[in-house]
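Working notes for the structure below.
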Amino acid sequence: MIWNKRYETMDREELEALQLSRLQETVHHLYDHVPFYKDKLDSMGFLPGDVKSLADLRRLPMTYKTDLRDNYPFGMFAVPKKDVVRVHASSGTTGKPTVVGYTARDLDIWSEMTARVLTAGGITAEDTVQVAFGYGLFTGAFGMHYGLEKIGSMVVPASSGNTEKQIMLMQDFGTTGLICTPSYALYMLEVAEKMGVNPKEDLKLKWGLFGSEGWTDAMRMEIEKRWNVDATDNYGMSELIGPGVSGECLQKDGMHINEDHFIVEVIDPDTGEVLPDGEIGELVFTSITKQALPLIRYRTMDLATITKEPCACGRTMARMSKVRGRTDDMLIIRGVNVFPSQIESVIVSTEGVAPQYQLVVTSQGYMDELEVQVEMVKDAFTDDYRVLEDIECTLANRLQTILGLKAKVRLLEPGSLERFVGKAKRIVDKRERK
Ligand code: DLL
């Protein structure tokens, strides 16, 4: 099903005309209301009226997360505070959070966008959907919640954590859709298994919409098999709006971007040069319908590819690939670029180990060491040294083939790593010089 055929199946020419007029409006709005953008455009001698075609987007300046930090908390808002009806924030790892704001119209558009993504992932008014993202400053739960209400599904705002209760609610309410991070979905599975609940027999779950962090296709297969669901990926970011920027349809072949609200570019993160479709680079988004906090050419640091090839579902909006990594979570080990997603795909497809892992990086003098700590599955866990060595060797060899780098593998007892109810933290970088 398609939530909004009028827009989601628009032909490209019409879409681009719409994007251009919305971009022009946005640039005027920002120039008139946000000193940060006015100063930037003035210093370049660029007037809002200079946006004559979509190609002029490339002449506009980029916006960085640090710009939001420097203007903390409300300095980038483009409307007076009385028109802001909601704020959210993303918790940075250090210092102050990044604050984002919404007008009533922004909230309306946001729920339209999440309604599209939810519909693409299989959700209808018939569904009972458990939202197991944390309700609060994080955008995940509220964003999906209002989209679900728009669709008319029955929402169970369970929030994150309290995992046994989540499973109980799923059983008692006949939950058919689950929304959370993929790592929490995995953790919930373990708890369900411990409680003796068999998803296939005891639950009615059909749809899993997982996002907010990276996960591989191998992980999708694992989750689909064990939860007995169709699992789709969806992407978003607080600064852009939250969830709802893009989502997979049931073809599971890339996430459809809501291009009538965002213009997407893929750039070379080092040079800023715009790359052709199909090439991997950093995603850069321009929001063209937001009132409270529109951003021009926002650098996401997320690496992916895009395609405008038609999709079998009928949607015409461009699709982005799964996020392959972030420019800031790429590890450089002995000069080799390593993405956690590469390691995850090896782990998930290796027998005997569970998809629970942690990457520990240390340095010995000038030599960096990568240790891949991974839990074993219960059935394979043994104290037979030869069996363990065999699994370690298989993993180390596969990692070397994929990464081009020797990594140390450490097998752990089932259940020994920390579990996450939100975004997982899998990298422990102990190097002084990173
Ligand atoms: O995570 C918004 C969201 C909530 C998206 C719920 C989907 C579902 P932030 O907390 O601001 O917003 O984090 C944004 O999370 O730049 C990516 O690095 C990462 N991310 C989000 N979705 C995906 C995904 C929300 N599907 C940051 N795959 C982004 C990989 C993702 N990474």
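Every number for a ligand or one of its atoms is a count from 1 in the order of the listing. Along the sequence shown, the residues carry numbers beginning at 1. Nothing here was measured: the structure is a model prediction, and the numbers come from that model.
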According to the side-chain hydrogen bond (donor to acceptor under 3.5 Å, both in side chains) rule, which pairs have a member within residues 147-161, sequence neighbours left out?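 Pairs touching residues 147-161 that pass the test: His145-Glu149.
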
Is NZ or CZ of Arg297 both nearer than 6.0 Å to the six-membered ring centre of Phe285 and within 45° of the ring axis?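 Not satisfied by the 6.0 Å and 45° rule.
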
Per the salt bridge (charged side-chain N to carboxylate O under 4.0 Å, His left out) rule, what does the pair list look like for residues 335-354, sequence neighbours excluded? none

Can you tell me which residue pairs pass the salt bridge (charged side-chain N to carboxylate O under 4.0 Å, His left out) test with a partner in residues 225-244, sequence neighbours excluded?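 Checked against salt bridge (charged side-chain N to carboxylate O under 4.0 Å, His left out) - neighbours excluded - the pairs reaching residues 225-244 are Lys65-Glu239, Glu193-Arg226, Glu222-Arg226, Asp230-Lys252, Asp233-Lys322.
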
Salt bridge check, Glu248 against Arg319: does any charged N sit closer than 4.0 Å to a carboxylate O? no

Non-hydrogen atoms closer than 4.0 Å to ligand 1: which protein residues do they belong to? List them by chain and number, please. Ser90, Phe133, Phe138, Thr139, Gly140, Gly211, Ser212, Glu213, Gly214, Asp233, Asn234, Tyr235, Gly236, Met237, Ser238, Glu239, Gly242, Pro243, Asp302, Val323, Arg326, Lys423

Could you tell me if the side chain of Leu15 sits less than 4.5 Å from the side chain of Glu259, heavy atoms only? yes

